[in-house]
Amino acid sequence: MIVGGNIDGVTRVMTTTIALETSKGDLPLALGLGVVLIAMVLVINAAAMVIKEAAQRRYG
């Protein structure tokens with residue numbers, strides 16, 4: 001597999017799930033998971049930016 005991160009039968013990361021669902025032909029599920037993944041990245045980046053700005057204001 002090109003996309004790693006699985007422990008067989010125990011875990012599955014979101015990127016691997018997207019790749020597997022695409023290869024199985026379940027494109028709507030894969031696209032939905034992709035949208036969720038992008039939304040998570042945007043939220044995490046926004047939170048990091050807010051924390052950075054607050055730290056810069058407080059500590060210079």
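Reckoned from all heavy atoms, side chains included, excluding hydrogens, waters and symmetry mates.
Counting only residues at least two apart or in different chains, salt bridge (Lys or Arg N to Asp or Glu O under 4.0 Å) contacts with residues 35-51 are absent. Each salt bridge (Lys or Arg N to Asp or Glu O under 4.0 Å) pair with one or both residues in residues 32-43, not counting sequence neighbours, would appear here, but there are none. For residues 21-33, the side chain to side chain donor-acceptor pair (under 3.5 Å) pairs, not counting sequence neighbours, are Glu21-Lys24.
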Taking distance alone, no hydrogens or angles, what donor-acceptor pairs closer than 3.5 Å link side-chain atoms of residues 47-57 to residues at least two apart or in another chain?
none

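Using a 4.5 Å cut-off between side-chain heavy atoms of Ile, Leu, Val, Met, Phe, Trp and Tyr, Leu42 falls into a hydrophobic cluster with Ile38. Other residues sharing the hydrophobic cluster of Leu29, ordered by chain and number and joined by side-chain separations under 4.5 Å: Met14, Ile18, Leu33, Val36, Leu37, Met40.
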